[in-house]
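Residue numbers begin at 1 in each chain, while the letters A, B, ... track the order of the sequences.
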Amino acid sequence: MQSNQEFALIIHNVHKHFRNVQALRGASFLVEKGTIHALLGPNGAGKTTLLRIIAGIIKPDYGQVIAFNMPPGSPELIGLMGYMTQNTVGYQNITAWKNVTLFAEIAGIDKQMINEKTEYLFSELEIMNLKSRKFKELSGGEKRTVNLIRTIIIGDKLLLLDEPTAGLDLERAAKVRKLIQKLSKEGRTILLSSHIVTDLENLSQYITILHSGKTIFTGTKEQAIDTFTTDEKRSLENALLNAFDNNPSQNNLNSAEETQEGQLHSEKTGKSI
Amino acid sequence: MSQLIALIKKDLHVTLSQRAVWFVLIGPGLFIAMLGLTPILFSNTVNVTIYIVNEDVGVNNINIGTNATILITNYFMNDKTVTIKTVNNISKTTLEENIVWFPKNFTEVALNTSVAIFYVRTTSSDTYTRQLLFALIPQLVDQAVKMTLLPKEQPRAQLEQLPVQTPTGIKVKDELEYERAYQASFSIGYAIFLLSIMLGSVGRIGGFTRDKNEDVLEIIVSMVKDKKVLLISKVITNLILTTITALSYVIGALIAVIGLKYSEIDTTTQGTNDGLSTLVFSQELLLSPKGLVIVATLFITTSLIVVISLLIQLWLPKETGERAESLIILVIAFFFFFSVISDPFTTTFILLINPLYWPYKICMTALFPDIFSPWTYLYGVLIIAFYVVSAIIASKLIMREQFILH
C-alpha cells in the first residue's frame, strides 16, 4: 500500500454535469509524483473537463480531487501547477515573451526567476528569434510552444498538458517531448492528454483511459497492451483503439462508484489508497 | 496584493498595446479641443472689410443711419478680423465686396412707416462673412432703430431668448443664472454622452470580453487565489483607462477654453460658430474651482459605465455579451442625452432610472445651488447603492462556471 504522500494527484469518483450532459460519471485514478501520466479517451470522454477540475477552474458535482494534499483552487497550489489548454491561447497584440512573463507574474513567481526560466526555455526550444514577435504573428505551432513554456514556468511541480504536441512540426514535437522527459526526470509530475501515439509511447509511464466520463483503465502502458490487445496485434495503438471501442459497462474494472468510501481500488494496477 | 498588481499590470499592458485603444482614450479630448477651437480656426482665416455707406440725412436731428453706423463700428472695434470703413456715397463702393447701405430717406421712412429698408451686399461666399452681414448687422441696425426711436426709460428688447417654460420644482432667482445653467447642462450632458459611448468600447477591450475572445480566461482563473481578485483587477484597470479618457476630455476642453480666451475671439457673437463651441464647458466653469466638480462628475460617470459594462460581460456569454454591451450603453447614453438637452431641469421617470442622470444632476446642483434643490444630492445615495448592489451581483456572477466556459 502506497501512502497519499507519494501521489501528486488523487482523483476519486469524480462526477460533473453541464446542463443535460453528464461529462464525468465516476472518474478515478492516481498520479504518482514525478511520473508522466497520460489521460486518454475518445472525444467527449471528459478529459478536458477533468483537467479543468484539477486546475481549479470548475468544481466537481461529486467526488474528490486532491493535488499535493490540497483541493484544487487552493492558493498554495498557485505557482506549483500549470495548465495548458487544448486551444492555443494568448494575447494577440503583445509579444511572445510578454505572453509568458506577464502570466508568470500573476502566479507570484519572482521576476528574475521568470526572466531566467523564460530565457532558458526559449533557447531550449529554439524560439529565441520569436521573443519580440507579436503573438498574432506566430504560427500555430509556435504559439503552442509559447503556451507550453508559460505552463512550465507556472507549474513548478505539476503540469496539466492538454495536447501539448498537437500542431507542432516533427522537429519541434521531438524537442518538446525531450523537454517533458527532462522535466519529469527533475521531479515534475506531468498529466497529459494526447491523441498522438508517439507521445504516449515515448513519454507516458502510466495511462488512464476515460470513456463516457468513467475510468475504464488505469495502469502502465504494458498493462494496457495486455488488457486490450491479443497476442497477434500487441501495440499501444491497437490497445487504445480497442479500449475506445469498448463499452465501459463490459469492462471488468471496478468503477469508483462501486468502491468503498476512501478506498479507491483498481484490480489492474493494484494501487490503492 | 501582489497578484492584484500583476493582474492590473497585465491588463494595462495588453490593453495599451492596441492602437485602437489610444484613439478611444484620447480621441474624446482631441475631438472636444478641435470642436471648441473651431471659431478660432474659422475666424483666423477670414479678414473681413465692411463698407458702411451712410447717406441718411435724418429728420429733425434724428439720424438712425448715423447711430447704426456708430453702433456697428463700436461693436467691431476690438475685433481684429473685422474692419469697418465708412463712406458717404454708394458710388465710392462699386468695386467693394461687402457693403451696408443706409439710403437718404432711411430715418424718414422709419419714422413714417413700420418698415425702414437698408441694403446689404456681399460677393463673398464665406459663411462667416455672410453670417455677419445677413444675421449680425441687421440685429445691430434693429437695435439702433429701437435705441433711437424708443423713449430711454423703456426697456430695450432682449435679443437673447430665454427658455419659455419654467419647470416645476425649480427655483428661479436669477434669469442669467438660469441661462448659464441651461448652457452648462448642454456641455455637461454632451460630455457624459460622448464619454459613455467611447467608454463602452474601452470596457470591452480592457474587460472580460477580451480575455474570453483570446481564450486566456481559463488560464487566468486557474492562477488566481480568489476570483474576486480578478474582478477587482478589472474594475481598477478599467477605472484607470476611463480616467485617462475623462481627463483627456477635460484637458481637450481646457485647451479649447484657454485657446478661445487668449484668441480674443468673441464667442458670444451671434451667427458665428458658437453653436459648436457651446458643447465645450464655459470659461467661468472650467477655469474656476467649479471645474473640479465637472472633473469629479466625469469620473463618477465613467466609473458607472465601467460597472455597467463589467456586469454585462459577467452576465452574458461572449457571443451575445459583446453586442448587448454596446447596445445597452448606447441606449442609456442616448436616452440620457436627448432627455437632458430637450429639458435639462425636469426629471422624468425614465431619467430617474438612468444611472448617467444621477451624477449629472448632482453636478448641476453643485454648480447652480440657487436653481436646484439641495434634495438633489440624494442622487448620491442612488449612486452608492448602485455600486454596492453591483458589487454583490458581480461577485456572484463571477463564481458561475458559465462565466468562464462561455
Could you check which of A/Ile106, A/Ile94, A/Asn147 has the highest count of heavy-atom pairs closer than 4.5 Å to chain B? A/Ile106
Looking at [X], I'd like to know if its [atom1] atom is crowded, meaning that more than 12 non-hydrogen atoms belonging to other residues, nucleotides or ligands lie closer than 6.0 Å.
X	atom1	value
A/Glu186	CD	yes
B/Phe335	CZ	no
B/Phe338	CZ	yes
A/Met128	CE	yes
B/Lys227	NZ	yes

Which bit of [X] is near chain B, if near means a heavy-atom gap under 4.5 Å: side chain, backbone, both or neither?
X	answer
A/Asn93	both
A/Phe135	neither
A/Lys98	side chain
A/Lys136	neither
A/Leu77	neither

To the closest 0.5 Å, what do you measure between [atom1] ([X]) and [atom2] ([Y])?
X	Y	atom1	atom2	value
B/Ser222	A/Ile78	OG	CD1	8.5 Å
A/Asn87	B/Glu214	CG	CD	12.5 Å
A/Tyr91	B/Asp11	OH	CG	5.5 Å
A/Leu102	B/Leu7	CG	CG	10.5 Å
A/Glu105	B/Ser2	CD	OG	10.0 Å

If you look at every heavy atom in [X] and [Y], which pair is closest and at what distance?
X	Y	result
A/Ala107	B/Met223	CB-SD, 4.0 Å
B/Ile219	A/Tyr83	CD1-O, 3.2 Å
B/Asp215	A/Val89	O-CG1, 2.9 Å
A/Ile57	B/Val221	CA-CG1, 4.2 Å

Less than 4.0 Å between a side-chain N and a carboxylate O, is that true for A/Arg52 and B/Glu218? yes
Most heavy-atom pairs under 4.5 angstrom with chain A, which of B/Lys225, B/Gln3, B/Lys9, B/Lys10? B/Lys10
